[in-house]
Amino acid sequence: MFGKAPKPLTCGFGLQIGAGEVYPELNFTLPTMLLDETSWPSVVSHYEEIGEMIRRAAKRLHLPGLMVEFELLPPMTERAEWGAEITAVLHRHLKQAHEEIGLPCALRVTPTDIRDITRPPELRSGKAWEEMCRSFDQCAEAGADVLSIESVGGKEVNDEAMMYGDIEGVVFALGVLAPRDMEFLWNEIVALCAARNVVPGADSACGFANTAMQLSSQGMLPEVFAAVIRAASAVRSLVAYECGAVGPSKDCAYEGPILKSITGSPIAMEGKSASCAHFSPVGNVAAAMCDLWSNESVQNIRLLSGSAPEAYLELLAYDCRLFNKARESGTERTYQKLLVDSDVHESPQALVLSPESTFRIASAITKESSHYRRTVAAAREAISVIRDATMQHELRLRAREAQWLDKLGRSFDALPEKEEGLMKAMIERYGHLFSPESYGL
Amino acid sequence: MFGKAPKPLTCGFGLQIGAGEVYPELNFTLPTMLLDETSWPSVVSHYEEIGEMIRRAAKRLHLPGLMVEFELLPPMTERAEWGAEITAVLHRHLKQAHEEIGLPCALRVTPTDIRDITRPPELRSGKAWEEMCRSFDQCAEAGADVLSIESVGGKEVNDEAMMYGDIEGVVFALGVLAPRDMEFLWNEIVALCAARNVVPGADSACGFANTAMQLSSQGMLPEVFAAVIRAASAVRSLVAYECGAVGPSKDCAYEGPILKSITGSPIAMEGKSASCAHFSPVGNVAAAMCDLWSNESVQNIRLLSGSAPEAYLELLAYDCRLFNKARESGTERTYQKLLVDSDVHESPQALVLSPESTFRIASAITKESSHYRRTVAAAREAISVIRDATMQHELRLRAREAQWLDKLGRSFDALPEKEEGLMKAMIERYGHLFSPESYGL
Amino acid sequence: MNELHELAQLLEQGQRQRVAALTQELLGKGVGPQTILNEGLIAGMAVVGEKMRGGEMYLPEVLQAASAMHASLGILKPHLLRAGAKPLGRILMGTVKGDMHDIGKNLVGIMLQGAGFEIVDLGLNVPPQKFIEAINAHSPSIVGMSAMLTTTMLNMKTTIDAIAAAGLRSNVKVIVGGAPVSQKFADEIGADGYARDAVLAVDKVKQLLDTAAWSMPTERLTD
Amino acid sequence: MNELHELAQLLEQGQRQRVAALTQELLGKGVGPQTILNEGLIAGMAVVGEKMRGGEMYLPEVLQAASAMHASLGILKPHLLRAGAKPLGRILMGTVKGDMHDIGKNLVGIMLQGAGFEIVDLGLNVPPQKFIEAINAHSPSIVGMSAMLTTTMLNMKTTIDAIAAAGLRSNVKVIVGGAPVSQKFADEIGADGYARDAVLAVDKVKQLLDTAAWSMPTERLTD
Ligand code: B12
Ligand code: B12
């Protein structure tokens, strides 16, 4: 259920997440401009302006609580001081909001995964890796309450495999490569967070599943394929928790509900509220289990009412009032059902995000132990979730989508029992795209 | 209830409004640019781009229906051909959407009330008046399905009276001057619509009540004052219906629910969905009775997902799915209650828009016959609505707001029985601002 | 001295007549005009400002207090002039060509008046030429332009350019505002200042011409 | 002639081997290469295009069909050359400096390849200098740049300016794209074209160099 997580957590200035209330998570980014020494002062002024706006709007909207996310842009990660400077600015404004109007709030900071600046990406060492670690450390020191990342291990193979509809390749990327990188990466992040006494938030399969979602919205891939990749991608995101991450998960990690039902940790989600960042077929259903409700990101540009971030914050605030009023009045089940039923009959991508579906997929995952088998199990369960819905006439698939669903079913059934059965072929097929050392292979 | 109006209407390409479903009403405007001969081609290309976007998005979002509003900018009204040209462009795209994907849709066109270009405004004759009439006529000819306006008669006095907190002046403007202009103006518009076989939509008290709302949000006026003006302004908007308007009312006419319960005509409303156009304390409650759900207006600029109008259309579409799913599943009362209860305890402006409050205000209005007495009655009822809520501890007013509520109560009780009792004093006080002839005085 | 404190309170209550009377009385008793201004009017309007910011006072009350202050100032004026204090600057206000949204502009004017400035209001739909003529006629220290439409805001630039072309740019400071306007836009078109609302507009003006003597302490009024 | 129709169908099904074989067979029978191209390959890919637009075919299938077409083209090439047909232009693709979003760029490249163009992919995070060197090295007719960040999109302008400064601007047409990019922006930075997605990108390229002989009829492919 939205707002309630078995393992709620408190962070920042007394912000309780998953303890009953749903709070907005506000995201924002720079307008069209170059980011370099020359423009740096104006970059800072943008974040100062946003900080002031947040204090003003929090008061105007009577916000009961607020999470703010600062997503670093690549140069802010490469140059740790830059990311830290902005982190400090936002931290200062949140502190002030807390002191002045008692706003419970926290700051999530998300450094950029810059390791794929080289191809094949060098994931465990090298300049990018070291810069990234420094960025995490200095942002933590500068006032981050939660640290997250949208990591890319395995993406270099998944991108290619998806485009060619190569299921073996997708599973190899999501079930073999990605989890290996997640394990390495998150052990580092969790240790760093412990040292800095910061909350290790979670990761996002954005580079895998949201890319697929965008591809399908462009008519490049069938929706059923995107839906299956969504489910399968939860396994690699889950690894962060196995390493000690406690959430809240990243807003763009639509796999959140699956993670929530497995780990009990609170999740951030985005749907129609992120129409500024990207379109999606899951605008309402994405909210069904959220603990934080986010807009993903919007440029700090002027609309007719005020700045675009303020306009989206108002939206989030009113949406959150509905979640919380529903809980308060005991009608949360009815409201959740509305959120779910209004989308699940329109798209298989919405269907696999329903509480029911995500619970099924979660159980399928926990039944298995290896990342590889879990990935396959999640995908297979997603397929049968869609199959069942079509049989019960709760979802109508276009002919070609239906054919692809069968094709996917066959391909996933044809996969070997163990990842070993895939290794050789995959290294032959995709060896030119990734470096084994980066995955401890 | 949202989506259902006692007097539903069908317009444009088979769009049924108030017959059960709530549809998005999309609004948009130009980005920062000059509007003249030189820039005209690029002006047209903006509306072409929006038209194409609408066809694409309607398909992507599986829209069950759509109202599009084109709000003319002043030069497009002064030069009737310009407004007509854009009207034709949008009409063409809607026609195509209807033919290609069977989208039920209609086009609302709102010429600018340019009569206040002279001060005191010349309302019943002169260059501006004639241009405005030509604009209405040519837009109707060019493909408008519904005609609306945000008329300004009485505003010249109301602006001043509001700022000085002069209740007599406000009542004179809203209850004496405004209705007179409405009567003159709407008899003309209704006749014109009949001749062109176009739906005479309704008017908006934007220039009165939304100005007050903005003033209060800037800390210039107490919220209770803005709330009372909202209620009182419904009377002048009602006059349009007395002259033959049938709705749907204008999105920015938050007095809509009052009009709906009196006339039974469908209404357009905006709330959080219009956070791009202006902020408000009525984000959710505004939706409680809507038949069309609008974003008021947003510049055609690029966001990260696509254009801002497309981003807001996606939002409207998902909100509408909730309305319609609630109705379909018989849980509309629960959902409506959520929309209402999540706002009414936060602000008196939200309180007076609840179905209960608007019904009370509507009855108070219908009990009286003269526009003047109706205006006073509406205001008094709004005051007691707020009083009752504070007594039942359902609304907490800040000390100063409470004092103002009493002050307002006294002032409205002290008003003369008939408008005649006000005339002399008002003409002395505000005679320099308005011309009697414009009101047939 | 508690008569001055009384003056401040009467001012705050907007008691125009009594404020005027007490001002006369104090002058009669030989209290210096500067003292009356600083410890009476300025002190009183300072409280008004704080209360407005805190939502304890609204525009109508502020306007009443301001009118009381002006009543008193009218009496003090000659004495202050003799005492060598100089009046605040004159400000030109107008909504630019093509735009009929004027209440925001009016409000800014009223608040500036309340702050003791002299306002010349050119009304709405004001073409550049009219601004230029008014500058020549009234030689204001500040020109304030309002625009509420994305399609009229660039007329602010047109006007600034025209003022420059007329060789008057250095004579005036230009401030701009309105719903679609932002600090960034103000910088782009070469304005000297921008403010989000009327209260901040007063700050901005005070800041642009660091004003003396007769000013209400709008730093306080708006902090 | 129903063998050509068969070729078209095999192509649509992405049957690389059988398409190659049948191509040989037809040539053996003395069918002209131009005829095979137009009535076999082009006809087939036209259907593919329509099906993709209609959501009846997806990228993986299109890529299969494209690879089958390339198998056949490889065989026809010498014959076509003798017949005087000329190959399509060469296209340089890259994600600009500071940006690591590359799947969009890759996709555009793949679709263009499918359309019979030769692609030189410079990868991601590509500085202006590298674009210039590549232009000198490969003399492409088109340069395509991708940017997904508001903070990298201006590097497209930087690159276009650098190309101009290097005196190469007139040698190439520049097309741009990416999430934050719009036609308006493309015009502002002086690009020759913009496209919202990979399919439209192919249209745009065809339009910029009104291509001949070997082209698939992407007008059809994408209408
Ligand atoms: C009320 C209103 C009206 C009223 C007019 C109110 C009035 N007396 O001025 C009426 C109904 C007449 C009206 C008409 C129109 N409006 Co209108 N209107 C509004 C609304 C909802 C509120 C404006 C308001 O009164 N605010 C209250 C005042 C006190 O605040 P303010 O004006 O912002 O001023 C403050 C600050 O801006 C600042 N400020 C203002 N000027 C200056 C100057 C200086 C120097 C400084 C320092 C500061 C400063 O301080 C002021 C006081 O605190 C706005 C929405 C919005 N976001 O503002 C739309 C809005 C401005 N209108 C809009 C439109 C489209 C129109 C019409 C074209 C609609 C139509 N087709 O009829 C017409 C055009 C009128 C014309 N010819 O110019 C659009 C603009 C779209 C665009 N392209 O830019 C807006 C943004 C609403 C929307 N999103 O659709 N409107
Ligand atoms: C998936 C994704 C990622 C993936 C990368 C996917 C990939 N392989 O490229 C990952 C997770 C790695 C990622 C990382 C980041 N991302 Co990202 N990402 C996205 C997302 C959600 C979808 C992009 C995508 O894959 N689309 C699918 C492809 C097929 O479509 P496409 O890229 O748009 O390309 C098509 C068209 O644009 C066009 N096109 C593209 N290029 C060209 C070129 C030419 C010549 C032509 C004609 C056409 C054309 O045709 C293409 C095919 O149809 C977008 C959201 C969005 N609105 O796009 C954010 C987005 C672009 N990312 C964003 C951000 C902030 C980031 C990070 C900084 C986040 C972080 N702190 O880690 C990093 C930075 C990475 C880097 N160093 O550059 C922001 C950008 C904000 C800004 N300031 O501009 C966006 C808009 C999301 C958001 N609103 O927050 N991201």
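Just so we're on the same page: letters track the sequence lines, and every chain starts at 1.
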| said: Is A:S280 close to chain B through its backbone or its side chain, or both, or neither, when contacts mean heavy atoms under 4.5 Å? | reply: both
| query | Hey, would you say the B:Y312 and A:Y312 ring centroids sit under 6.0 Å apart? | reply | yes
| task | With a 4.5 Å cut-off on heavy-atom pairs, point out which of A:E328, A:K337, A:H278 contacts chain B the most. | result | A:H278
| remark: With chain B, the option among A:P281, A:S329, A:A57, A:A317 that has the most non-hydrogen atom pairs under 4.5 Å is A:P281
| message | Please give me the minimum heavy-atom distance between B:K325 and A:D341, naming the atom from each residue. | response | CE-O, 3.3 Å
| message | Testing the basics here: between A:S342 and B:L322, what is the closest heavy-atom pair and its distance to 0.1 Å? | response | OG-CD2, 3.7 Å
| query | Quick one: does B:S305's side chain have a donor or acceptor within less than 3.5 Å of a partner on A:S275's backbone? | reply | yes
| task | Any chance you could measure B:L316, atom CG, to A:K272, atom NZ, to the nearest 0.5 Å? | result | 10.0 Å
| field | Steps toward side-chain contact (heavy atoms from CB on, under 4.5 Å) verdict (A:L338, B:T331) | value | CA-CA 9 Å; A:L338 280 182; B:T331 57; 3.8 Å; yes
| field | Per-residue contact mode, A:S347 against chain B (heavy atom under 4.5 angstrom) | value | neither
| query | Counting heavy-atom pairs under 4.5 Å to chain B, which of A:R60, A:Q214, A:E296 comes out on top? | reply | A:R60
| request: Would you mind checking which part of A:V340 comes under 4.5 Å of any heavy atom in chain B, side chain (CB onward), backbone (N, CA, C, O), both or neither? | output: neither
| Does CD in A:E100 sit with more than 12 non-hydrogen atoms of other residues, nucleotides or ligands closer than 6.0 Å? | yes
| message | Is A:E310 in contact with chain B via its backbone, its side chain, both, or neither, using a 4.5 Å heavy-atom distance? | response | both
| field | Under 3.5 Å: donor-acceptor pair, side chain of A:E314, backbone of B:G283 | value | no
| query | With a 4.5 angstrom heavy-atom cut-off, which part of B:R302 approaches chain A: side chain, backbone, both or neither? | reply | backbone
| Are any non-hydrogen side-chain atoms of A:D343 and B:Y318 less than 4.5 angstrom apart? | yes
| request: For residues B:S297 and A:L304, determine if any side-chain heavy atom of one lies less than 4.5 Å from a side-chain heavy atom of the other. | output: yes
| task | Evaluate whether atom CZ of B:R396 has more than 12 neighbouring non-hydrogen atoms of other residues, nucleotides or ligands under 6.0 angstrom away. | result | no
| Residue selection (most heavy-atom pairs with chain A, distance under 4.5 Å) from B:L61, B:N324, B:D319 | B:D319
| So do B:H62 and A:H345 actually touch side chain to side chain, heavy atoms under 4.5 Å? | no
| request: Identify which part of A:L313 has an atom lying under 4.5 Å from any heavy atom of chain B, answering side chain, backbone, both or neither. | output: neither
